[in-house]
Amino acid sequence: MSDSTPRNEAQAHGLRLVGGTFPDELFTSRPVRRSSAPPPPHLVPVLAELSRGTPDTVACRNLHLSPRTYSRRVAELLECLGAESRFQGGAQAVRRGWLVGACLADTAEGG
């Protein structure tokens, strides 16, 4: 009988950390936390640009913001999400359900 734990499944597919093993935390199921509060309205367009992977210079033009204002809004968004990086911010936005509509809209458009 084979052991089909998530750790063994990952290793069976050739996934491993360089110089170590996967920490157990990666394989525990955690419920998705939905925030009851939506993102602040002035940060929604910033979140949309970040979720599309738009370069900052292009996002500034799209949103008619100066680079400094865009940078401040990104920092504010990350603070709202309790994130230290844009990647963490994206993960937190998904966990809170802030990107579900955007993801579904992109899929419906074939994006």
Side-chain angles (χ1 to χ4, degrees):
M1 180 195 269
S2 69
D3 187 11
S4 64
T5 64
R7 175 186 298 276
N8 290 337
E9 288 291 322
Q11 290 171 346
H13 291 287
L15 300 174
R16 64 182 177 84
L17 295 177
V18 175
T21 60
F22 285 105
D24 290 327
E25 308 80 74
L26 291 177
F27 299 104
T28 59
S29 61
R30 295 181 187 159
V32 174
R33 288 179 290 164
R34 303 266 185 228
S35 173
S36 58
H42 69 287
L43 298 180
V44 171
V46 174
L47 179 60
E49 292 293 338
L50 290 172
S51 73
R52 287 192 283 274
T54 308
D56 286 2
T57 54
V58 176
C60 291
R61 277 196 310 267
N62 292 348
L63 300 177
H64 307 285
L65 297 174
S66 72
R68 178 68 183 125
T69 299
Y70 183 76
S71 177
R72 280 196 311 263
R73 290 197 182 168
V74 169
E76 183 181 353
L77 178 62
L78 295 179
E79 186 176 331
C80 287
L81 291 164
E84 295 179 14
S85 69
R86 291 177 181 209
F87 183 84
Q88 285 179 340
Q92 287 295 332
V94 168
R95 283 189 186 112
R96 292 174 186 224
W98 290 4
L99 288 178
V100 173
C103 292
L104 292 176
D106 287 347
T107 303
E109 294 170 7

Arg96 vs Leu81, side chain to side chain contact (heavy atoms under 4.5 Å, CB included): CA-CA, chis, key distance, verdict: CA-CA 9 Å; Arg96 292 174 186 224; Leu81 291 164; 3.7 Å; yes
Over all atoms of both residues, closest heavy-atom pair of Trp98 and Ala37: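 Nearest heavy atoms, Trp98 then Ala37: NE1-O, 3.3 Å.
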Nearest non-hydrogen partners of Gly89 and Ala83, listed with the distance: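 Looking at all heavy atoms of both residues, the shortest contact is N-CB, 3.4 Å.
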Side-chain donor/acceptor of Glu79 to backbone N/O of Ala75, under 3.5 Å: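 Checking the backbone N and O of Ala75 against the side chain of Glu79, no donor-acceptor pair under 3.5 Å is found.
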Cluster check Val94, Val46: I/L/V/M/F/W/Y, side chain < 4.5 angstrom: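 In one cluster with Val94: Val46, yes.
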Rounded to the nearest 0.5 Å, what separates atom [atom1] in [X] from atom [atom2] in [Y]?
{"X": "Gln92", "Y": "Leu77", "atom1": "CD", "atom2": "CG", "answer": "11.0 Å"}
{"X": "Leu78", "Y": "Arg73", "atom1": "CG", "atom2": "CZ", "answer": "14.5 Å"}
{"X": "Glu76", "Y": "Leu43", "atom1": "CD", "atom2": "CG", "answer": "4.5 Å"}
{"X": "Asn62", "Y": "Thr54", "atom1": "CG", "atom2": "OG1", "answer": "6.5 Å"}

Please table the atom pairs, donor to acceptor, closer than 3.5 Å between any side-chain atom in residues 64-72 and protein atoms at least two apart or in another chain.
residue : atom : partner : partner atom : Å
Ser66   : OG   : Thr69   : N            : 3.1
Ser66   : OG   : Thr69   : OG1          : 3.0
Thr69   : OG1  : Arg72   : NH2          : 3.3

Salt bridge flag under 4.0 Å for residues Arg86 and Asp56: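 Judged by the 4.0 Å cut-off on N to carboxylate O distance, Arg86 and Asp56 do form a salt bridge.
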